[in-house]
Trainee: 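The structure that follows is given in the form of structure tokens.
Just the heavy atoms: all of them, side chains too, but no hydrogens, waters or symmetry mates, feed the values below. Since the structure is predicted, the reported quantities are computational estimates derived from the model, not experimental observations.
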Amino acid sequence: PELAQRTLVSREEAMARFTSHFSNLPGIVDELGENPFPASIEITVSEATVQSPDFDEQIAALMRQRGVDDVQFDWRWIARLRQLVHIINVVGGVAGGILTLAAAFTIASVIRLTMVLYREEIDIMRLVGATEKIVRGPFLAEGFLQGVIGGLLAIGLLFAGFEGAKRLVGPSTTLIWNFLFVTFLPWYKSAALVAGGIAAGMVGTWLSLRDYSEETPVPE
């Protein structure tokens, strides 16, 4: 029952798949002369079936059956691919954290320069009784907007690179197209980019306001 989801792939269908996936190699198909692909049976199994203790014995039993030339088990390849994707995600997360810190310090410098530029106005606001919340508000809003705009700009650049890569790869029938360029980033990763930009903006603003906002102007 665990191997009930199976499909017969004829030699002609196997050749058609090869031609579809590797449409940029028409000369290879013409030089083959005859169809080199054997007929096969594709079986879809669940992850629970793969992890069961009896699964290896089922595979071994299939290989011992008469008429079976070979059994290709792609699940191990998929597991390795998932591990590679996980490593790439970890490396990307670390790099993203470093870039977020760099963005935070950059925004902090910009906010600090803005505060120096408007130092007289800030001193006047404090002299007339403005609270620290009122003084900090515009700078916090500026840091927030810089983070949002930076996150949206990052998504826009990534999408432009994604579309450009799709056009450079070739037609949608190629195998690499189907593997890499099916969809853009999922919504939660796009939201994480914007959230990271907002976090960088707010942290940078807080770093700028931490000491400066505690200063009290001295009348001359």
Trainee: May I ask you to test the I122-F139 pair for a side-chain heavy-atom distance under 4.5 Å?
Mentor: yes
Trainee: Spell out, yes or no, whether F162 and L193 are grouped together once hydrophobic residues are joined by side-chain heavy atoms under 4.5 Å, including indirect joins.
Mentor: yes
Trainee: Under a single-linkage definition using a 4.5 Å side-chain heavy-atom cutoff for Ile, Leu, Val, Met, Phe, Trp and Tyr, are L145 and V110 assigned to the same hydrophobic cluster?
Mentor: no
Trainee: Counting distance only, does the side-chain N/O of S208 pair as donor-acceptor with the main-chain N or O of A108 below 3.5 Å?
Mentor: yes
Trainee: Please report the shortest heavy-atom distance between I111 and G143, naming the atom on each side.
Mentor: CD1-N, 4.3 Å
Trainee: Between N89 and K189, is any pair of side-chain heavy atoms under 4.5 Å apart?
Mentor: yes
Trainee: Can you list every side-chain hydrogen bond (donor to acceptor under 3.5 Å, both in side chains) pair that touches residues 137-159, not counting sequence neighbours?
Mentor: E142-Q146
Trainee: Supply the atom-to-atom distance M15 CE to S10 OG, rounded to the nearest 0.5 angstrom.
Mentor: 11.5 Å
Trainee: By the ring-ring contact (aromatic ring centres under 6.0 Å, His included) test, which pairs, at least two apart or in different chains, include something from residues 80-107?
Mentor: none
Trainee: With sequence neighbours left out, write down each residue that passes salt bridge (Lys or Arg N to Asp or Glu O under 4.0 Å) with R17, or none if nothing qualifies.
Mentor: E13, E42
Trainee: Which residues satisfy the side chain to side chain contact (heavy atoms under 4.5 Å, CB included) test with A141, sequence neighbours excluded?
Mentor: none
Trainee: Closest heavy-atom contact between P38 and A14?
Mentor: O-CB, 4.5 Å
Trainee: Can you get from V91 to I98 by hopping between Ile, Leu, Val, Met, Phe, Trp and Tyr side chains that sit under 4.5 Å apart?
Mentor: no
Trainee: Once side chain to side chain contact (heavy atoms under 4.5 Å, CB included) is applied, do any residues pair with L101, and if so which ones, sequence neighbours excluded?
Mentor: none
Trainee: How would you list, by chain and number, every residue that makes a ring-ring contact (aromatic ring centres under 6.0 Å, His included) with F144, sequence neighbours excluded?
Mentor: none
Trainee: OH/Y118 to CD1/I124 distance, rounded to the nearest 0.5 angstrom?
Mentor: 13.5 Å
Trainee: When you measure from the side chain of R11 to the backbone N and O of F37, does any donor-acceptor pair fall under 3.5 Å?
Mentor: yes
Trainee: If a pair satisfies side-chain hydrogen bond (donor to acceptor under 3.5 Å, both in side chains) and one of its residues is in residues 56-69, list it, with sequence neighbours excluded.
Mentor: E57-R64
Trainee: Please list, chain by chain and in numerical order, all residues satisfying side chain to side chain contact (heavy atoms under 4.5 Å, CB included) with E163, sequence neighbours excluded.
Mentor: F159, K166, R167
Trainee: Could you tell me if the side chain of V194 sits less than 4.5 Å from the side chain of I155, heavy atoms only?
Mentor: yes
Trainee: Counting C-beta onward and ignoring hydrogens, is there a side-chain heavy-atom pair between I107 and V203 closer than 4.5 Å?
Mentor: no
Trainee: Is the shortest heavy-atom distance from the side chain of I134 to the side chain of M125 under 4.5 Å?
Mentor: yes
Trainee: Could I get the full list of ring-ring contact (aromatic ring centres under 6.0 Å, His included) partners for F55, not counting sequence neighbours?
Mentor: F73
Trainee: How long is the span from the CZ atom in R6 to the OG1 atom in T44, to the nearest 0.5 Å?
Mentor: 11.0 Å
Trainee: So do I41 and V9 actually touch side chain to side chain, heavy atoms under 4.5 Å?
Mentor: no
Trainee: Got a second to check how far L62's CG is from D70's CG, nearest 0.5 Å?
Mentor: 11.5 Å
Trainee: Under the 4.5 Å side-chain heavy-atom rule for ILVMFWY, direct or indirect, which residues accompany Y188?
Mentor: W187
Trainee: Members other than L99 in its cluster, when Ile, Leu, Val, Met, Phe, Trp, Tyr link by side-chain heavy atoms under 4.5 Å?
Mentor: none
Trainee: Please give the remaining members of the hydrophobic cluster of L153, linking ILVMFWY side chains under 4.5 Å, ordered by chain and number.
Mentor: L157
Trainee: Hey, any chance V68 and V45 share a hydrophobic cluster, counting ILVMFWY side chains that come within less than 4.5 Å of each other, even indirectly?
Mentor: yes
